[in-house]
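Comments concern the structure below.
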Protein chains: 2
Amino acid sequence: MKDFNQLSERQRKIVRFMVQYHERFGYPPTIREIGDATDIRSTSVVNYNLNKLVSAGYLQRSDKVSRGLRLVAVPPLGQSDKARKVSQFTRVPLVGHIVASAPVPIPEDVGHYYDEEALMELPPSLLGNADPAQVFALTVKGDSMIDAMIREGDIVILHSQAEARRGDMIAAWLPGRGETTLKYYFPEDDGRVRLQPAHPTLPPIYVPASELEIKGRVLTVIRKLS
Amino acid sequence: MKDFNQLSERQRKIVRFMVQYHERFGYPPTIREIGDATDIRSTSVVNYNLNKLVSAGYLQRSDKVSRGLRLVAVPPLGQSDKARKVSQFTRVPLVGHIVASAPVPIPEDVGHYYDEEALMELPPSLLGNADPAQVFALTVKGDSMIDAMIREGDIVILHSQAEARRGDMIAAWLPGRGETTLKYYFPEDDGRVRLQPAHPTLPPIYVPASELEIKGRVLTVIRKLS
DNA sequence: TTGACGTAGGAACGAATGTTCGCTATACTC
DNA sequence: GAGTATAGCGAACATTCGTTCCTACGTCAA
């Protein structure tokens, strides 16, 4: 969380405007409304600064969603420079189980409606900067993911995505083996992918990039003992 | 203000969905999202029922504004409201590191004030029924707790306590070995204690009860990957 | 029966809105 | 000076999303 005073003047204005706007209307402003309120002529500049605010930990954004903005921190009321966290949890749908022997059950539409029982509260800090609308949770069945340091009963928080960056931990389906796996993702130059287990002493496996379907990126693993 | 039960089933569903949606995303849904969630095929029908809800005093609408919806009344205290009241988040202090080779750094007074940076928001579901004032968090240093399926960087949420119940996972100090360990606690009849690693294939160790200082009970383990 | 009314579905229109791209300017580093 | 990162503008594009219109099917009263 960047200090409020370290933001640019425009970024501070944006945050202040968003607080006001939300109080007044109950929903977030559009990019153009932000631009009008902060004397920014171009929507792309607003967009640019919004992304900065996401990195700084003040906002979350949902891609391609109108008004898909959510404040996760607000500026101090008085003279103190610290930002105040907005105590706002995200509710993540718990959509099923993950097993080594079956594909990952990705919800067709993660942002869809789910039963209240199947929602799990998470603080934004556990979601990184991920778009909450693309996040879901699965409980682990069986001990077949022990090489990922994951046990039966653990909860895996995933961001639904088909591509990953080098070093991400991913949930992938290997059609050749008929297997779901959780591993660190390292594409190699020869068109293969090295999949590295979380356990430091276990060897990686190599598969052709064409034999790997990335289903999501692992954001967090939670083990509830009580 | 019309009574909630006088609304049509669809209208009640819409209101309930909007409450949930706002909790999850922080902004209101679109007409189409409402339709999907409440099994209404046509946007015009959703629109129609939204206008009904405005008349009934549950909503306000802004014309021609995407997501221009605002709840002005919430359903009477049902299941969902009760759940929401109880689910107040907790801020847990992150007080240091846990290493196998050193004692657990228990804060003298867990309920003390800590720097904002060192506070971690957690939903109550991850604390079980533990007294939040006695809960603290540590980050794991080194891979020496791999037998507990815990890695460097993991966060361990502990409840400060000197005694445990059979089957609890505990953080204990073994003065004889000069070692901190995280294991499942099984007191035996002969005055010894069996300490069982989380990893299912690893053997337990046995220590005399007098050689075991219980420092806390593990509530949750969190692995943040992003 | 007929007509009014409430509710529902489907399709199409047009405005609202997020995204992308090319270009410029400034500051800083090597 | 060349190269790079940050910040800015404007225009065009692609989608999302609210609105409107037409149709259909009940119920109920005249």
Side-chain angles (χ1 to χ4, degrees), chain A residues 2-3 5-15 17-18 21-22 25-71 108-113 129-134 161 163, chain B residues 2 5-15 17-18 21-22 25-56 58-71:
Chain A
K2 218 171 176 181
D3 190 273
N5 285 337
Q6 290 186 319
L7 300 175
S8 76
E9 176 54 29
R10 281 190 156 174
Q11 286 156 18
R12 287 197 295 270
K13 260 170 111 171
I14 290 176
V15 171
F17 170 68
M18 284 189 60
Y21 191 101
H22 188 271
F25 296 108
Y27 46 81
T30 65
I31 286 184
R32 284 174 179 80
E33 286 170 328
I34 295 173
D36 288 347
T38 54
D39 295 315
I40 299 176
R41 311 300 169 76
S42 172
T43 56
S44 66
V45 178
V46 177
N47 191 49
Y48 169 78
N49 282 290
L50 288 177
N51 288 333
K52 287 285 175 187
L53 286 169
V54 171
S55 308
Y58 284 83
L59 293 182
Q60 284 181 341
R61 296 189 75 180
S62 297
D63 273 3
K64 309 196 183 189
V65 166
S66 70
R67 303 169 193 271
L69 296 168
R70 129 182 279 206
L71 271 172
E108 317 107 38
D109 177 9
V110 179
H112 200 271
Y113 171 83
N129 288 329
D131 173 2
Q134 296 302 318
Q161 57 185 66
E163 287 172 9
Chain B
K2 220 172 175 179
N5 287 333
Q6 289 188 318
L7 301 175
S8 77
E9 176 53 29
R10 282 189 156 174
Q11 286 156 19
R12 286 197 296 270
K13 259 170 114 173
I14 289 177
V15 172
F17 170 68
M18 284 189 58
Y21 191 100
H22 188 270
F25 296 113
Y27 47 81
T30 65
I31 286 184
R32 284 173 179 79
E33 285 172 328
I34 295 173
D36 287 347
T38 54
D39 295 316
I40 298 176
R41 311 299 166 76
S42 173
T43 55
S44 65
V45 177
V46 176
N47 191 49
Y48 168 78
N49 282 290
L50 287 177
N51 288 333
K52 287 285 174 187
L53 285 168
V54 172
S55 308
Y58 283 84
L59 291 183
Q60 286 178 345
R61 294 190 76 178
S62 302
D63 272 5
K64 311 199 180 188
V65 166
S66 71
R67 303 170 192 272
L69 298 168
R70 149 179 254 194
L71 270 171

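Here is the naming used below: chain letters follow the sequence lines, and residue numbers restart at 1 for every chain. Just the heavy atoms: all of them, side chains too, but no hydrogens, waters or symmetry mates, feed the values below.
- Between the CG atom of A:Leu59 and the P atom of C:dG18 there is a distance of 13 Å, rounded to whole Å.
- Taking atom NZ on A:Lys13 and atom P on D:dA7, their separation rounds to 16 Å, with Å as the unit.
- Under the 4.5 Å side-chain criterion, counting only non-hydrogen atoms from C-beta, B:Leu7 is not in contact with B:Ile14.
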Please write out each protein N/O paired with an N/O of nucleotides 21-24 of chain D under 3.5 Å, distance rounded to 0.1 Å.
none

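- Put simply, OH on B:Tyr27 is 14 Å from C1' on D:dC17, counting in whole angstrom units.
- Side-chain contact check for B:Ile40 versus B:Lys13: every heavy-atom pair is 4.5 Å or farther apart.
- Looking at A:Asn49 and A:Ile34, their side chains never come closer than 4.5 Å, going by heavy atoms from C-beta outward.
- Only A:Ile40, A:Arg41, A:Ser42, listed by number, bring a heavy atom of residues 32-42 of chain A to less than 4.0 angstrom from any atom of DNA chain D.
- With distances taken from any side-chain atom of B:Thr43 to the nucleotides D:dT20, C:dT20, C:dA8, the minimum falls on D:dT20.
- Looking only at distances, no side-chain donor or acceptor of B:Asn47 sits under 3.5 Å from a matching main-chain atom of B:Thr43.
- By the 4.5 Å heavy-atom criterion applied to side chains, B:Arg61 and B:Leu69 are counted as neighbours.
- Atoms NZ (B:Lys64) and C1' (D:dT16) sit 17 Å apart, rounded to a whole Å.
- Put simply, A:Ser66 has a side-chain N or O that comes within less than 4.0 Å of OP1 or OP2 on D:dC17.
- Regarding A:Asp63, its CG atom lies at a distance of 18 Å from the P atom of C:dT17, rounded to whole Å.
- Atom OH of A:Tyr58 is separated from atom CD of A:Gln11 by 10.0 Å, given to the nearest 0.5 angstrom.
- C:dA16 atom P lies 11 Å from atom CZ of A:Arg67, rounded to whole Å.
- Taking the side chain as every heavy atom from C-beta outward, B:Pro28 and B:Ser66 never approach each other to under 4.5 Å.
- Side-chain atoms of A:Thr38 and A:Arg10 include no donor-acceptor pair closer than 3.5 Å.
- DNA chain D is contacted by A:Val45, A:Tyr48, A:Asn49, A:Lys52 of residues 45-52 of chain A, taking any non-hydrogen atom closer than 4.0 Å.
- Side chains of A:Val65 and B:Tyr27 form a contact here, defined as non-hydrogen atoms less than 4.5 Å apart.
- At a threshold of 4.5 Å between non-hydrogen side-chain atoms, the residues A:Arg32 and A:Val46 do not count as touching.
- Look at CG on A:Leu69: it is 9 Å from P on C:dT19, rounded to the nearest Å.
- With a 4.5 Å cut-off on side-chain heavy atoms, B:Leu71 and B:His22 do not count as touching.
- The separation between A:Arg10 atom CZ and D:dA7 atom P is 11 Å, rounded to whole Å.
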